[in-house]
2 protein chains.
Amino acid sequence: MSLSGPSVSAGPADPLVWDSVRDRLHDRGLRWTPQRRVLVAVLAETRGHVTGAELVERCRERDPATIPSTVYRTLDVLEDLGIVRHGHGPDGREEYHVLPDAIHGHLHCKACGSTWELEATDVTALVRALDDEHGFEVDLSHVTIVGRCRRCRD
Amino acid sequence: MSLSGPSVSAGPADPLVWDSVRDRLHDRGLRWTPQRRVLVAVLAETRGHVTGAELVERCRERDPATIPSTVYRTLDVLEDLGIVRHGHGPDGREEYHVLPDAIHGHLHCKACGSTWELEATDVTALVRALDDEHGFEVDLSHVTIVGRCRRCRD
DNA sequence: GCCACTAATGCGACAAGTTGCAGCAGAGAT
DNA sequence: ATCTCTGCTGCAACTTGTCGCATTAGTGGC
Ligand SMILES: [Mn+2]
Ligand SMILES: [Mn+2]
Ligand SMILES: [Zn+2]
Ligand SMILES: [Zn+2]
């Protein structure tokens, strides 16, 4: 079991993934629009976590005319394509992960607010148990465990 | 390991808990207001899960002048007192549990939308591992595991 | 019953999304 | 280049909360 330090996920984004987005959309009969180009450009230079609101903000830097609903709808599409994945922070707010980052969940202390990444190996037992006994397939990226860290328990 | 069926948590609410709320507030120098009486009355006849918005709605049935921020702030106080606990649904929306219901988390299939309760025994391994190795104390009521159920995996 | 202390309410503004709908515009066909 | 089909955008309204601030009103003490 290993927990990486306070929320600093790295992992170089594969440029080929971004080049293929247009084709992946076309293959499904979907379109490659200016608004989508902006969001994909933003995602291409994003590592680790981003909230939906942050992505909207970053898109606005490139195109001030950016409309939130368009960004959120495009994120839904990209999630379908398996290019991003979202979870929810301890407050329920959206948190996006840009793939092919290693998929992980989060551990959050509600007392001090610290966050740690929860790797696949940390939850192996739970994932296997749910699968074996109920056929349930866990989406690790959507897992946020809230509680209290050692320091805050005194 | 046992999963109760689709989201129908029962568990009789202990009336003594409700009678004691007033005193528990006073002990902390907090006040027993008409607005709080309404929310506590609503909670007293609530079983299983409720979203924050639903609670606001039910309070409005008793007192149409109910203000959302007051309800949410009172819920925070009651959570401090250990009378309710909240988690977040798969969409991040708040979900309240009225104690002394058995504390549990949730399992949610993002394909068909079904929800199952996740009992303490289901996550024993994870809880113990995080505690032993990192001193992290999991708040089970705040755990929502998202993924795909057996039926939806085909 | 009246005072003083301060917790709690009401209200308005704001944040983060979501949804329906009319009109716009990609993409392939001709 | 133009046409057509339909996916996508922009917009506006709405949902679910959150926050700061002036005002109100519980409470305990007198
Ligand atoms: Mn929460
Ligand atoms: Mn979600
Ligand atoms: Zn902590
Ligand atoms: Zn399902």
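Below, read A as the first sequence line, B as the second, and so on, with proteins coming before strands; counting in each chain starts at 1. Keep in mind the model is a prediction, meaning the values are calculated, not measured. Basis for what follows: all heavy atoms, side chains included, without hydrogens, waters or symmetry-related copies.
Evaluation of the salt bridge (Lys or Arg N to Asp or Glu O under 4.0 Å) rule for A:R24 yields no partner, not counting sequence neighbours. Legend: residues meeting side chain to side chain contact (heavy atoms under 4.5 Å, CB included) with B:T66, ordered by chain and number and at least two apart, are B:C59, B:R60, B:D63, B:V71. With sequence neighbours excluded, the residues forming a side chain to side chain contact (heavy atoms under 4.5 Å, CB included) with A:L30 are A:L25, A:R28, A:R36, A:V77, listed by chain and number. For A:V40, the side chain to side chain contact (heavy atoms under 4.5 Å, CB included) partners two or more places apart in sequence, or in a different chain, are A:W18, A:V21, A:W32, A:L78. Remark: B:E57 engages no residue in a salt bridge (Lys or Arg N to Asp or Glu O under 4.0 Å) (not counting sequence neighbours). For B:R93, the side chain to side chain contact (heavy atoms under 4.5 Å, CB included) partners are B:D91, not counting sequence neighbours. Under the salt bridge (Lys or Arg N to Asp or Glu O under 4.0 Å) criterion, B:E45 pairs with B:R62, not counting sequence neighbours.
The aromatic rings of B:H97 and B:H49 lie perpendicular to each other, with more than 60° between the two planes, well past the 30° mark. Using bins of under 30°, 30° to 60° and over 60° for the plane-to-plane angle, the ring pair A:H86/A:H142 lands in the perpendicular bin.
Of the residues in residues 50-65 of chain A, not one comes within less than 4.0 Å of DNA chain D through any heavy atom. The stretch residues 23-32 of chain B touches DNA chain D through B:H26, B:R31, B:W32, each having a heavy atom under 4.0 angstrom from the strand.
Between B:Q35 and C:dG10, a side-chain N or O to OP1/OP2 separation shorter than 4.0 Å is present. Contact between the side-chain N/O atoms of A:Y72 and the OP1/OP2 oxygens of C:dT18 is not found at any separation under 4.0 Å.
A straight line from CZ of A:R36 to P of C:dA25 spans 15 Å, rounded to a whole angstrom. In this entry the distance linking CD of A:E95 with P of C:dG17 reads 10 Å, nearest Å. In this entry the distance linking NE2 of A:H88 with C1' of C:dT18 reads 13 Å, nearest Å.
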Show each protein N/O and nucleotides 20-23 of chain C N/O combination with a separation under 3.5 Å, one pair to a line.
unit_1 : atom_1 : unit_2 : atom_2 : d
C:dG20 : O6     : A:R73  : NH1    : 3.1

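Counting non-hydrogen atoms of neighbouring residues, nucleotides and ligands closer than 6.0 angstrom, the CZ atom of A:R151 reaches no more than 12 such neighbours.
The shortest heavy-atom contact between B:K110 and B:R148 is CG-CG, 4.5 Å.
Remark on DNA chain C: of its neighbouring residues A:R93 and A:T33, the 5'-side contact belongs to A:R93, judged by nearest-heavy-atom nucleotide. Both B:D76 and A:T70 lie close to DNA chain D; mapped to their nearest nucleotides by heavy-atom distance, the more 5′-ward contact belongs to A:T70.
For DNA chain D, the outermost nucleotides in 5' to 3' order that have an atom under 4.0 Å from a heavy atom of chain B are D:dT16 to D:dT27.
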List the atom pairs, with distances to 0.1 Å, where a side-chain N or O of residues 123-131 of chain A and a protein N or O form a donor-acceptor pair under 3.5 Å, not counting sequence neighbours.
unit_1 : atom_1 : unit_2 : atom_2 : d
A:T124 : OG1    : A:A120 : O      : 3.4
A:T124 : OG1    : A:T121 : O      : 3.0
A:D131 : OD1    : B:R153 : NH1    : 3.3

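Considering only heavy atoms from C-beta on, A:E95 stays 4.5 Å or farther from A:H88 through its side chain.
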